[in-house]
Amino acid sequence: MTNAHPDPRVADLRQRLEVALEASAGPSEQARAKLDSQGKLYVRERIALLFDEGTFVEDGRYANATATGLPADGVVTGRGEVDGRAAIVVANDPTVKAGSWGARTVEKIIRATEAALREELPVFWFVDSAGARITDQVDLFPGRRGAGRIFHNQVALSGKVPQICCLFGPSAAGGAYIPSFTDIVVMVEGNASMYLGSPRMAEMVVGETVSLEEMGGARMHCTVSGVGDLLASDDTEAIELAKLYFSYVPDSWRTPTPRYEVEEPSLPLTRDTVPQAESVPFDVHDVIDGLVDADSFFEIKPLFAPELVIGFGRMAGETVGLVANNSAVKGGVLFSDSADKASRFIWLCDAFGIPLVYLADVPGFMIGSEVERGGIIRHGAKMVSAVSEATVPQFCVVVRKAYGAGLYAMGGPGFGPDATLALPTARIAVMGPEAAVNAVYANKVAAIDDPADREAFVAARRAEYLEDVDLERLAADLVIDGIVEADALRAELVHRLRYAARRDRHFSTRHRGVPPV
């Protein structure tokens, strides 16, 4: 039926809306060519890879529609479903003034985070932004609805819902804090970068000449700073990794993790998997693969502080967090970076109700003037604090050595784990026998002139020490809860995890703790 009295204003509005929609539907030819040259996908193509087909509902598409050249004001926000699970996305559009922020950009992001807080929905951050538009700074920067509110809301969301970041391009200046407040940062190598000040600014202010890759490139952040968690080769892989991570975590702190079909390990643990001699290094991934369901281990920060391995796996279809010393790298010694890596992962698991399994094969924390100057005591205390405060089920498995504060950092008996188990290859002590004999008897050893007598004395003291920390004695004295053969460890843990699910989640009554660092 034709409207008998058409209103020209309606026709004009429709035409303007159509133009605005078309402007935000796809990149210009020039913008598309630039994306292709960088190996990037258009923002809506990224979103299409994230959400199930037909589920995305967009908010604020007409933001700044009355301005020229600012479709959606450079950010796409809305809701959709990821493998049937509702989530929110905030995605910069680098074809609109390099993804920079204007006042309405900020307002859209704030509203998205407010919706996430209100509805307790996970947030996917697709970051590709040159930062704030200086021309709009008064409108977007200082006020109550300014950019600071984004970070405030991100902190409020932390531990309430998963926040997952794919960094496809730059994340500059204050905007670099968006990835830092998320749970995981996937960075596209060659394109992604994070920095508070650009190389040009560094040269102007501090006189440093440095490349963008050295300053804040993806590989640097995933290997040196630890700000990045995973390297991806392109946009598609980054989104696939983000979705895979999401499959391990719950929708919010109130909900359980997704459950999957039970699969047997791809490579079962045997009594020969772990070398009996503690001086022989081996890759702890072999133990992890023998414990978790086939191909289910999702490692986080594999390139950063690799002497400690962290990540999610599934045991009998359920998500668990694994923290494991890797003697194949630096002997498995704990450094400041190792402690930082572990602490944040433990907090993450505790926030979302994910049980923790510690695989201890650790000679302790690193010593020496360099690490002391770097504050290793405070960093180590942070890891011990995280272990202490975690209220999820925790299991300490002493694979081989657990010496000194290394035992504490790996959830040892004093920290109230649901159980401390040991393989027959395990040894728990203040320090190794060689170091202990040297510490106690150094003067006596030095006073023995005959080499044969000296060697016999040291051997006798070492034997006494080993008898003192005998594993059976520790079990008899209830220091450990069980000695389990490697080939029976998975079944033992699966049973114990099931029973521990009923545990009380209360730690202490207070406003909050004061972290060591």
Side-chain angles (χ1 to χ4, degrees), residues 2-3 5-36 38 40-81 87-116 123-141 143 145-147 149-150 166 168-170 175 178 235 239:
T2 304
N3 195 321
H5 305 286
D7 187 335
R9 292 174 302 177
V10 174
D12 177 63
L13 175 63
R14 283 175 173 159
Q15 183 179 6
R16 285 185 281 118
L17 291 178
E18 185 177 340
V19 171
L21 272 177
E22 186 177 349
S24 64
S28 66
E29 288 187 17
Q30 183 179 358
R32 169 60 76 184
K34 184 175 181 180
L35 290 174
D36 291 344
Q38 296 173 318
K40 290 184 176 183
L41 298 174
Y42 180 55
V43 62
R44 296 187 183 280
E45 294 169 339
R46 293 168 176 169
I47 291 172
L49 286 176
L50 173 67
F51 289 131
D52 303 343
E53 187 174 357
T55 64
F56 179 55
V57 179
E58 186 172 350
D59 296 320
R61 185 162 180 175
Y62 294 104
N64 233 353
T66 55
T68 301
L70 293 171
D73 211 33
V75 67
V76 179
T77 61
R79 297 167 179 77
E81 292 184 1
I88 285 174
V89 71
V90 176
N92 301 124
D93 182 352
T95 68
V96 178
K97 292 192 179 297
S100 60
W101 294 2
R104 291 165 186 82
T105 318
V106 169
E107 179 64 23
K108 286 176 69 173
I109 298 173
I110 291 173
R111 291 187 186 187
T113 56
E114 288 173 342
V123 184
F124 285 82
W125 296 89
F126 282 7
V127 178
D128 194 345
S129 170
R133 298 174 204 151
I134 301 301
T135 53
D136 292 6
Q137 64 173 319
V138 174
D139 293 327
L140 70 84
F141 174 67
R145 300 290 290 184
R149 195 68 188 178
I150 298 172
C166 288
F168 301 110
I178 279 187
D235 291 8
I239 296 168

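The stretch residues 21-30 participates, sequence neighbours left out, in no salt bridge (Lys or Arg N to Asp or Glu O under 4.0 Å) pair at all. Each salt bridge (Lys or Arg N to Asp or Glu O under 4.0 Å) pair with one or both residues in residues 69-79, not counting sequence neighbours, appears once here: Asp59-Arg79, Asp73-Arg133, Arg79-Glu119. Among pairs with a residue in residues 41-51, those fulfilling side chain to side chain donor-acceptor pair (under 3.5 Å) read Arg32-Glu45, Arg44-Glu58, Arg46-Asp128, Arg46-Asp235, at least two apart in sequence or across chains.
Considering all non-hydrogen atoms of both residues, Pro170 and Lys40 come closest at CD-NZ, 4.4 Å. Closest non-hydrogen pair, Val96 versus Gly69, comes out as CG1-O, 3.8 Å. Across Pro94 and Leu35, no two heavy atoms sit closer than the pair CG-CD2, 4.2 Å. Scanning both residues, Val90 and Ala112, for their nearest heavy atoms gives CG2-CB, 3.7 Å. In terms of heavy-atom proximity, Asp139 sits nearest to Ala103 at CB-CB, 3.7 Å. Residues Asp136 and Gly102 come closest through the heavy atom pair OD2-CA, 3.5 Å.
In this structure, the side chains of Ile109 and Thr105 come closer than 4.5 Å at one or more pairs of heavy atoms. For the pair Ile150 and Val106, the minimum side-chain heavy-atom distance is below 4.5 Å.
Scanning for side chain to side chain contact (heavy atoms under 4.5 Å, CB included) contacts around Ala20 gives Tyr62, Ala65, with sequence neighbours left out. Listed by chain and number, the residues in a side-chain hydrogen bond (donor to acceptor under 3.5 Å, both in side chains) with Thr113 are Asn153 (sequence neighbours excluded). For Phe51, the ring-ring contact (aromatic ring centres under 6.0 Å, His included) test picks out Phe56, with sequence neighbours left out. For Ala67, the side chain to side chain contact (heavy atoms under 4.5 Å, CB included) partners two or more places apart in sequence, or in a different chain, are Asn64, Leu70. Residues forming a side chain to side chain contact (heavy atoms under 4.5 Å, CB included) with Ala23 (at least two apart in sequence, or on another chain): Pro71. Every salt bridge (Lys or Arg N to Asp or Glu O under 4.0 Å) that Arg145 has, sequence neighbours left out, goes to Glu107, Glu114. Residues satisfying the side chain to side chain contact (heavy atoms under 4.5 Å, CB included) criterion with Asp7, sequence neighbours excluded, are Arg9, Val10.
Put simply, CD1 on Ile239 and CZ on Phe126 are 4.5 Å apart, with the number rounded to the nearest 0.5 Å. Rounded to the nearest 0.5 angstrom, Leu140 CG and Ile110 CD1 are separated by 9.5 Å.
Checking side-chain atoms of Ser129 against main-chain N and O of Asn92 turns up no donor-acceptor pair under 3.5 Å. Proximity of a side-chain donor or acceptor of Lys108 to a complementary backbone N or O of Thr77 within less than 3.5 Å is not detected.
For Arg61, the CZ atom is densely surrounded, since the number of other residues' heavy atoms within 6.0 Å is greater than 12.
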